[in-house]
Amino acid sequence: QLQASGGGRVQAGDSLRLSCVVSGHNISRYVVSWFRQAPGKEREIVATIFRAPSAQCYDFFMRGRFAISRDNDLNTVYLLMNNLKPEDTAVYYCAARDGENHYVDPYEYEYWGQGTQVTVSS
């Protein structure tokens, strides 16, 4: 079970840190990604963190502003979002699956959090 939190309403240029708490699974064994879905758009991948040693991969347009990290002791994955823009407004979801590849299709993920809303105003 995944529980996402940390969303909110912010101004352009602000930062937010999203959290994804995983229960019932040892998070270090899973590939965990953050996705987002804006109204009327498809769900898109934002960032992925792989199993140990926690290599990361980011969507091209978010690279440099977003950072994904993991705390294995807390079984939690974070997404730090800096310099937020209005186009970052979306519901953000965390997802997890077993494996070692870079999975970008939402249908490739087995476990999902409930989503947390991020709204960025200009």
Worked verdict on R65 versus M81 for side chain to side chain contact (heavy atoms under 4.5 Å, CB included) | CA-CA 6 Å; R65 294 193 299 125; M81 305 184 293; over 6 Å; no
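By the ring-ring contact (aromatic ring centres under 6.0 Å, His included) test, Y93 is found to be paired with no residue, residues two or more places apart in sequence or in another chain being considered. Scanning for side chain to side chain contact (heavy atoms under 4.5 Å, CB included) contacts around E87 gives K85, with sequence neighbours left out. Applying the side-chain hydrogen bond (donor to acceptor under 3.5 Å, both in side chains) rule to D73 yields no partners; only residues at least two apart in sequence or on another chain are considered. Not counting sequence neighbours, Y103 has no partner by the ring-ring contact (aromatic ring centres under 6.0 Å, His included) test.
The backbone N or O of I27 lies less than 3.5 Å from a partner atom in the side chain of N75, making a donor-acceptor pair. For D88 (side chain) and V120 (main-chain N/O), no donor-acceptor pair under 3.5 Å exists by modelled atom type. At distances below 3.5 Å, not a single donor-acceptor pair connects side-chain atoms of R43 with backbone N or O atoms of Q37. Between the side chain of Q114 and the main chain of A4, a donor-acceptor pair closer than 3.5 Å is present. Remark: the backbone N or O of L74 is paired with a side-chain donor or acceptor of D71 at under 3.5 angstrom.
Within the model, atoms CZ of R70 and CG of L79 stand 14.0 Å from one another, a figure rounded to the nearest 0.5 Å. Residue N72 holds its CG atom at 11.0 Å from CZ of R29, rounded to the nearest 0.5 Å. Once rounded to the nearest 0.5 Å, the distance linking CZ of F66 with CG of N83 reads 9.0 Å.
W34 and L80 are assigned to two separate hydrophobic clusters, defined by single-linkage of ILVMFWY side chains at heavy-atom distances under 4.5 Å. Clustering ILVMFWY residues whenever any of their side-chain heavy atoms sit less than 4.5 angstrom apart, transitively, puts Y92 in the very cluster that holds L2. The hydrophobic clustering, which links ILVMFWY residues whose side-chain heavy atoms are closer than 4.5 Å, places I68 and Y78 apart.
Two residues are said to be in side-chain contact when any heavy atoms from C-beta on lie closer than 4.5 Å; V118 and T89 fail this criterion. Using a 4.5 Å heavy-atom cutoff, the side chains of V77 and I49 are in contact.
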Could you pull out all donor-acceptor pairs under 3.5 Å where a side-chain atom in residues 7-21 meets a protein atom, sequence neighbours excluded?
unit_1 : atom_1 : unit_2 : atom_2 : d
Q11    : NE2    : S121   : OG     : 3.3
D14    : OD2    : Q11    : N      : 3.0
S15    : OG     : N82    : OD1    : 2.9

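Aromatic ring pairs are classed by plane angle as parallel below 30°, tilted from 30° to 60° and perpendicular above 60°; the pair Y111 and Y30 is perpendicular. Under the 30°/60° scheme for interplanar angles, the aromatic rings of H102 and F50 are found to stand perpendicular.
Here the closest non-hydrogen pair linking Y109 and S33 is OH-OG, 2.6 Å.
Contacts classified as salt bridge (charged side-chain N to carboxylate O under 4.0 Å, His left out) and involving residues 98-115 (residues at least two apart or in different chains) are given here: R51-D98, R51-E100.
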